Amino acid sequence: MEWLVNIHNVWRYAVLIAALGALVLSLLAYLGNREWDSLADRFSLFFTIAMDIQVLIGIFVWILADYNKNDSFLRWIHPIAMLAAVGLAHVGRTRSERAVGSKLKGGTAALFFGASLLVVLLAIPLAAWPI
């Protein structure tokens, strides 16, 4: 089971890279410094896919791991917050796809991707931070 936890721990960096890329590109589109193009669209897709994979791995860890049964943060708060974060990421992608114009696409994506990233960062247990 430890190997699954390790995959979950390593994959978070893919999520973080995709989140930062999607957020930066959406902010640049919102600020008018670049158009919402295929790169911005791809990063928003990669972000949502990376989140989906992380949540799927996390569900397996949540169901199968015994070590977090006594930790209420890992047992309940972390999974619920991460489900909310993946929901925000998907809503942001869907709404940005439907928006018209680079500025509106970027602003919508930046709002939801930023909120998703904030929830992710707040829901990471302190012991997992590399500080």
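The model shown is predicted, which means the values in this text are computed figures rather than measured ones.
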Check your understanding: Honestly curious: do Leu16 and Leu23 fall in one hydrophobic cluster under the side-chain, below-4.5 Å linking rule?
Key -> yes
query = Is there a chain of hydrophobic side chains (I, L, V, M, F, W, Y, each step under 4.5 Å between heavy atoms) that links Ile59 to Ile7?
reply = yes
Heavy atoms of Thr108 and Ser96 approach each other most closely as CG2-N, 3.9 Å
Smallest heavy-atom separation, Pro125 atom then Leu74 atom, equals CG-CD2, 3.4 Å
Glu97 meets the salt bridge (Lys or Arg N to Asp or Glu O under 4.0 Å) criterion, sequence neighbours left out, with Arg93
So Trp62 and Trp76, would you call those rings parallel, tilted or perpendicular, with 30° and 60° as cut-offs? perpendicular
Closest non-hydrogen contact found for Leu25 with Phe43 is CD1-CD1, 3.4 Å
Salt bridge (Lys or Arg N to Asp or Glu O under 4.0 Å) filter on Arg34, not counting sequence neighbours, yields Asp37
Using atom types as modelled and distance alone, determine if a side-chain donor or acceptor of Arg98 lies under 3.5 Å from a backbone N or O of Arg95. no
Cluster membership besides Phe112, Ile/Leu/Val/Met/Phe/Trp/Tyr side chains within less than 4.5 angstrom, sorted by chain and number, is Leu88, Val91, Leu111, Val119
Self-check item: Path from Ile53 to Val120 over hydrophobic side-chain contacts below 4.5 Å
Solution: yes
Closest non-hydrogen contact found for Val86 with Leu83 is CG1-O, 3.2 Å
CG of Asn6 to CH2 of Trp3, rounded to nearest 0.5 Å, is 10.5 Å
What one should report as the nearest heavy-atom pair of Phe113 and Ala89 is CE2-O, 3.4 Å
Where the side chain of Trp36 meets the backbone of Lys103, is there a donor-acceptor pair that is under 3.5 Å apart? no
- Message: Assigning hydrophobic clusters by single linkage (Ile, Leu, Val, Met, Phe, Trp, Tyr; side-chain heavy-atom cutoff under 4.5 Å), is Leu118 placed with Met82?
- Response: no
Notebook entry, point to check: Can you find a heavy atom in the side chain of Leu45 that is under 4.5 Å from one in the side chain of Asp41?
Noted result: no
Tightest non-hydrogen contact, residues Ser116 and Met51, listed as OG-CE, 3.9 Å
(message) Donor-acceptor check, side chain of His8 to backbone of Ile57, threshold 3.5 angstrom: yes or no?
(response) no
(message) Starting from Leu122, can I reach Tyr13 by hopping between I/L/V/M/F/W/Y residues whose side chains sit under 4.5 Å apart?
(response) no
Student check: side-chain heavy atoms of Asn33 and Leu27 closer than 4.5 Å: no
